[in-house]
2 protein chains.
Amino acid sequence: MNRVYEALAHPTRRQILALLRQCDRSAGEIADHFDISKPTLSGHLRLLREAGLVYGERRGTSIIYHLHVSLLEESLGALLDLFRIGDARPPDPVQPSSPPRHDHE
Amino acid sequence: MNRVYEALAHPTRRQILALLRQCDRSAGEIADHFDISKPTLSGHLRLLREAGLVYGERRGTSIIYHLHVSLLEESLGALLDLFRIGDARPPDPVQPSSPPRHDHE
DNA sequence: AGTATATTTCGGTTATTAGCTAACAAGGGA
DNA sequence: TCCCTTGTTAGCTAATAACCGAAATATACT
């Protein structure tokens with residue numbers, strides 16, 4: 001499980017997952033979308049593979065990468081379950097003195 | 001957004017979020033659940049704060065930490081949206097030659 | 001002011017990660 | 001077999017992250 005979160009922590013890897021959601025692609029086709037060397041991209045793919053989020057199927061000289069949808073689903077489910085938004089937490093009893101500032105992005 | 005994923009990448013920080021889901025707690029009470037030094041824990045709390053997942057409210061000499069539920073909800077929503085399990089992806093046309101091994105954990 | 005408690009910041013060490021180039025392996029075709 | 005294409009591994013450096021003890025800050029109480 002930890003590996004899934006670590007894999008999601010890098011923007012390039014999240015983008016790879018987004019690309020693979022559109023369609024399966026070879027490592028080279030994925031590389032075309034980024035401005036990094038092939039070995040670096042290969043490393044990202046390895047991490048995604050080790051996290052179980054993706055798997056590669058050799059076709060000729062290429063390796064076609066696929067999203068491992070079921071594990072992704074499972075992971076997101078676990079995340080939702082961990083925090084289970086919207087239940088089991090009483091509403092904040094009072095207005096906190098320092099209202100949360102929300103200046104993200 | 002990136003900060004949220006980075007914050008979730010460390011098991012201690014995920015556990016802090018889980019503790020805060022149960023109830024609000026001071027930094028010291030959180031520290032009691034871990035076997036790490038207070039400065040290290042303070043660093044984890046700072047990252048969670050910077051990611052917007054958590055906020056601290058001073059009460060006397062303590063600082064009470066709260067889950068910032070709305071941002072957490074928002075983040076999970078974005079994640080679900082990014083992958084949007086279950087639509088926009090045609091079923092895999094053929095059985096891949098190397099079935100995904102699923103030996104995680 | 002002085003002391004006690006709670007938490008963070010500072011300074012430094014060690015471990016991990018991201019990136020590169022160069023070298024290697026696997027497959028397909030002349 | 002030889003070569004070309006595609007990807008991965010090896011070896012390195014630079015940047016980042018995790019961790020600690022010591023010092024600093026903030027608040028409360030006497």
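Reminder, nothing fancy here: chain letters follow the sequence lines and each chain counts from 1. Keep in mind that the numbers below use all heavy atoms, side chains included, and drop hydrogens, waters and symmetry copies. Everything numeric here is computed off the predicted structure, so don't read it as measured data.
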Q: Would you give the length of the straight line joining atom OG1 of B:Thr12 to atom CD1 of B:Ile30, rounded to the nearest 0.5 angstrom?
A: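 So the OG1 of B:Thr12 and the CD1 of B:Ile30 are separated by 12.0 Å.
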Q: To the nearest 0.5 Å, how far apart are CG in B:Leu8 and CG in B:Leu53?
A: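 The CG atom of B:Leu53 is 6.0 Å from CG of B:Leu8, to the nearest 0.5 Å.
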Q: Under 3.5 Å, which protein N or O atoms sit close to an N or O of nucleotides 14-18 of chain C? Give each pair with its distance.
A:
unit_1: C:dA18; atom_1: OP1; unit_2: A:Arg13; atom_2: NH1; d: 3.3
unit_1: C:dA18; atom_1: OP1; unit_2: A:Arg13; atom_2: NH2; d: 3.3

Q: NA contact type, A:Phe34, heavy-atom cut-off 4.0 Å: base, sugar-phosphate, or nothing?
A: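 No contact.
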Q: What is the distance from atom CG of A:Leu45 to atom CZ of A:Arg49, rounded to the nearest 0.5 Å?
A: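 Between A:Leu45 CG and A:Arg49 CZ, I get 6.5 Å after rounding to 0.5 Å.
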Q: For A:Ala9 versus B:Asn2, what's the shortest heavy-atom pair and its separation?
A: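 For A:Ala9 versus B:Asn2, the nearest heavy atoms are O-OD1, 3.7 Å.
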Q: Hey, which sits more toward the 5' end of DNA chain C by its nearest nucleotide, A:Gly60 or A:Asp35?
A: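 Looking at DNA chain C, the more 5' nearest nucleotide goes with A:Asp35.
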Q: Looking at B:Arg3 and B:Gly52, would you say the former's side chain and the latter's main chain have a donor-acceptor pair under 3.5 Å?
A: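 Absent.
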Q: Would one find a side-chain N or O of B:Arg59 under 4.0 angstrom from OP1 or OP2 of C:dT5?
A: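 Indeed not, no polar side-chain atom of B:Arg59 lies that close.
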Q: Whether B:Tyr65 contacts C:dT8 is assessed here as follows: a side-chain N or O lying under 4.0 Å from the phosphate OP1 or OP2. Is that the case?
A: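 Indeed, a polar side-chain atom of B:Tyr65 lies that close.
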Q: So what does A:Ser26 touch, heavy atoms closer than 4.0 Å: a base, only the sugar-phosphate, or nothing?
A: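 Sugar-phosphate contact only.
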Q: Is the B:His68 ring parallel, tilted or perpendicular to the B:Tyr55 ring (thresholds 30°, 60°)?
A: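 B:His68 vs B:Tyr55 ring planes: perpendicular.
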Q: For B:Ile36, which contact category applies under a 4.0 Å heavy-atom criterion: base, sugar-phosphate, or nothing?
A: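 Sugar-phosphate contact only.
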Q: Between B:Phe34 and B:His44, is any pair of side-chain heavy atoms under 4.5 Å apart?
A: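 A side-chain contact under 4.5 Å is absent here.
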Q: At the 4.0 Å heavy-atom cut-off to chain B, mark where contacts on DNA chain D begin and end, going 5' to 3'.
A: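 Contact span on the strand: D:dA18 to D:dA28.
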Q: Side-chain N or O of B:Ser42 versus OP1/OP2 of C:dT8: is the shortest distance under 4.0 Å?
A: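 So the side chain of B:Ser42 is within the cut-off, an N or O lying under 4.0 Å from OP1 or OP2 of C:dT8.
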Q: Mind checking the NE2-CG spacing from A:His10 to A:Leu48? Nearest 0.5 Å is all I need.
A: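 Taking NE2 in A:His10 and CG in A:Leu48, the distance rounds to 11.0 Å.
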Q: Shortest non-hydrogen contact from B:Leu19 to B:Arg25?
A: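 Taking every non-hydrogen atom into account, O-NE, 3.3 Å.
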Q: Figure out the CD1/P separation between A:Ile64 and C:dG27, and round it to whole Å.
A: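 Rounded to the whole Å, the gap is 15 Å.
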